[in-house]
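These notes are about the structure you will find just below.
Only heavy atoms go into these numbers, but all of them, side chains included; no hydrogens, no water, no symmetry mates. Chain naming here is simple, since letters A, B, ... match the order of the sequence lines and numbering starts at 1 in each. Not measured: the values here are computed from a predicted model.
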2 protein chains.
Amino acid sequence: MTDKATVAPESRQERKERTRRAILDAALDQLAETGFGALSLRQLTKAAGIVPTAFYRHFATLDELGLTLVDESFVTLRGLIREVRSGDPAPETLIDRSVDVLAVQLEEHKAHFRFIGRERHGGSAALRGAIRHELDLFERELVTDLARMPELERWGAADLHVLASLFVDLMVAAAAEIVSPSAEQAAVRRELVDNLRNQARMIVVGAAGWEPLGG
Amino acid sequence: MTDKATVAPESRQERKERTRRAILDAALDQLAETGFGALSLRQLTKAAGIVPTAFYRHFATLDELGLTLVDESFVTLRGLIREVRSGDPAPETLIDRSVDVLAVQLEEHKAHFRFIGRERHGGSAALRGAIRHELDLFERELVTDLARMPELERWGAADLHVLASLFVDLMVAAAAEIVSPSAEQAAVRRELVDNLRNQARMIVVGAAGWEPLGG
DNA sequence: AGTTTGAGTGAACGACTGTGCACTCAAACA
DNA sequence: TGTTTGAGTGCACAGTCGTTCACTCAAACT
């Protein structure tokens with residue numbers, strides 16, 4: 001065996017992509033402890049295994065890194081609803097499955113949800129704006145999903161907006177809480193998930209008895 | 001008229017308190033644009049009109065400043081529920097009044113609510129812990145208030161927790177959104193307040209139809 | 001085989017960070 | 001009236017910060 005066999009043959013593109021991922025991962029890692037505004041390019045690049053200046057080969061500025069993380073995080077979020085949507089659409093099982101899927105995804109993409117939860121209100125104006133925009137899109141998707149449900153046939157856009165925003169607000173708040181470092185213990189996390197499930201149920205009861213807004 | 005008449009006679013304590021307030025106000029001001037982790041002691045003290053080292057006459061560390069702001073902010077929050085509680089306890093008018101009071105308080109103590117909203121998930125571990133603790137206390141107070149309502153007589157502790165946490169989560173999320181710099185326009189803010197009102201109503205409908213959890 | 005490309009390097013920049021220490025000087029106290 | 005106290009000052013310190021620039025050197029193309 002020559003050395004060639006053990007060393008991974010890497011194209012220029014592959015290597016660049018690998019470094020880029022290393023930067024993104026290092027950022028997500030560092031953002032678990034500090035806000036984006038307190039992010040240090042030097043610590044970041046050191047953790048990624050490159051020299052500070054090499055960062056600029058991948059991103060024009062730190063803000064661009066942040067926006068990329070927003071995009072990436074919402075790809076994760078969309079994967080979540082796609083998974084929920086691919087199952088049984090019966091309202092009875094929908095909540096439980098949604099919460100279960102969320103719990104699993106929170107575990108697998110902890111850093112993404114933590115990032116959104118942290119920077120949603122904590123970040124710079126640009127970051128908050130980007131997250132706000134993505135969440136609006138997300139809510140709109142949820143509205144069209146809800147509009148398809150026969151139970152909500154008589155609802156207007158305003159009613160659907162109330163319910164959808166309720167779900168989104170609740171989910172983001174719960175997600176941020178659950179992935180928080182203070183909820184490391186499985187028992188604490190389980191209790192938070194259980195509470196989220198009950199909250200969602202109570203909202204569904206409210207939706208069932210809701211008298212559509214006039215207008 | 002001598003100069004004595006125009007210069008406020010200030011005791012040593014008064015002067016210290018005034019400087020302390022200047023520091024706290026400068027911090028709240030600066031925290032509208034950056035997270036607490038990115039707070040600069042030098043900019044802070046410059047805005048407060050003192051030299052950097054003078055800060056340490058008032059706080060042992062920046063973290064202590066943060067904890068003081070948490071305390072202060074929750075004093076504001078308690079003032080809010082006290083005002084709500086002092087009015088008509090009839091459930092029909094309670095929501096509207098609560099939301100109205102919140103809207104007014106958000107305007108008057110914008111910085112406090114912005115601080116809580118930002119650092120709840122965004123801050124350092126110490127800050128998050130302190131806010132988490134205060135919010136827990138706040139929720140517990142809400143639970144005892146709810147427990148007194150005749151409509152919820154049959155509810156257990158778990159049910160009350162679900163409802164109370166729903167209200168608290170919703171209020172904090174909405175407050176953070178409403179005081180956000182991106183909601184500067186009155187029309188946007190009004191729409192957010194209206195949506196909060198409807199969300200609260202939907203939750204109340206859910207509570208009315210809620211079947212208490214077995215246990 | 002020769003040339004071009006571009007990710008990563010390393011030194012240097014000016015500015016900014018939190019904090020320690022010796023100081024002033026007016027208010028508070030004896 | 002003399003002494004003590006302590007909020008605020010000014011300098012200095014050792015770091016860290018983001019960003020620039022000219023560079024290397026291997027992969028990719030001609």
Side-chain angles (χ1 to χ4, degrees), chain A residues 2-4 6-27 29-31 33-69 123-127, chain B residues 2-4 6-27 29-31 33-69 123-127:
Chain A
T2 67
D3 278 322
K4 274 188 193 168
T6 60
V7 170
E10 222 176 6
S11 82
R12 216 154 165 169
Q13 263 192 22
E14 284 170 339
R15 180 167 172 75
K16 176 163 189 182
E17 177 54 31
R18 200 165 56 99
T19 304
R20 189 184 145 96
R21 257 264 60 87
I23 294 174
L24 290 166
D25 287 343
D29 205 60
Q30 196 154 135
L31 285 172
E33 281 160 36
T34 58
F36 188 85
L39 197 61
S40 154
L41 183 139
R42 292 182 113 99
Q43 290 178 29
L44 176 69
T45 50
K46 175 178 267 187
I50 55 171
V51 101
T53 50
F55 171 85
Y56 297 102
R57 300 283 176 197
H58 302 268
F59 304 95
T61 151
L62 271 173
D63 276 337
E64 199 180 294
L65 205 218
L67 297 180
T68 304
L69 287 175
S124 67
L127 224 49
Chain B
T2 67
D3 278 322
K4 274 188 192 168
T6 60
V7 169
E10 222 177 6
S11 80
R12 216 158 167 166
Q13 263 191 22
E14 285 170 339
R15 180 168 171 73
K16 176 162 187 182
E17 176 55 30
R18 199 165 57 101
T19 305
R20 189 184 144 95
R21 257 266 58 87
I23 295 174
L24 289 167
D25 287 343
D29 204 60
Q30 197 154 136
L31 286 172
E33 281 160 36
T34 58
F36 188 85
L39 198 60
S40 154
L41 183 138
R42 291 184 113 101
Q43 292 178 28
L44 176 68
T45 51
K46 175 177 267 187
I50 55 172
V51 102
T53 49
F55 171 85
Y56 295 104
R57 300 285 176 193
H58 302 269
F59 303 96
T61 151
L62 271 173
D63 275 337
E64 198 180 294
L65 205 220
L67 296 181
T68 303
L69 287 176
S124 67
L127 225 50

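When every heavy atom of F36(A) is checked against every heavy atom of L62(A), the shortest pair comes out as CZ-O, 3.2 Å. Between E64(A) and H58(A), the closest heavy-atom pair is OE2-O, 4.1 Å.
The distance from atom CG of D63(B) to atom OG1 of T68(B), rounded to the nearest 0.5 Å, is 10.5 Å. Residue L69(A) holds its CG atom at 7.5 Å from CZ of F59(A), rounded to the nearest 0.5 Å.
Residue T19(A) is the one, among T19(A) and F55(B), whose nearest nucleotide of DNA chain C lies closer to the 5' end (criterion: closest heavy atom). When each of R57(B) and I50(A) is assigned the nucleotide of DNA chain C with its nearest heavy atom, I50(A) is the one assigned upstream, toward the 5' end. Closest-nucleotide positions on DNA chain D for A54(B) and R12(B) were compared, and the one nearer the 5' end corresponds to R12(B).
In terms of modelled atom types and a separation under 3.5 Å, the side chain of T34(A) and the main chain of L31(A) share no donor-acceptor contact.
Backbone-only contact: Q43(B) has heavy atoms under 4.0 Å from sugar-phosphate atoms and none from a base. Residue contacts shown for L39(A) are limited to sugar-phosphate atoms, with no base heavy atom under 4.0 Å away. T53(A) comes within contact range of at least one nucleobase, with a heavy-atom separation under 4.0 Å.
If you measure from atom CG of L41(B) to atom C1' of dC17(D), you get 17 Å, rounded to the nearest angstrom. Protein atom NE2 of H58(A) is 16 Å distant from nucleotide atom C1' of dT19(D), rounded to whole Å. With rounding to whole Å, Y56(A) atom OH is found 12 Å from dC17(D) atom P. For the pair R42(B) CZ and dG10(D) P, the computed distance is 13 Å after rounding to whole Å.
Chain B approaches DNA chain C over the interval dT17(C) to dA28(C), counting the first and last nucleotide 5' to 3' with an atom under 4.0 Å from its heavy atoms.
Using a 4.5 Å heavy-atom threshold, the side chains of K46(A) and S40(A) count as separate.
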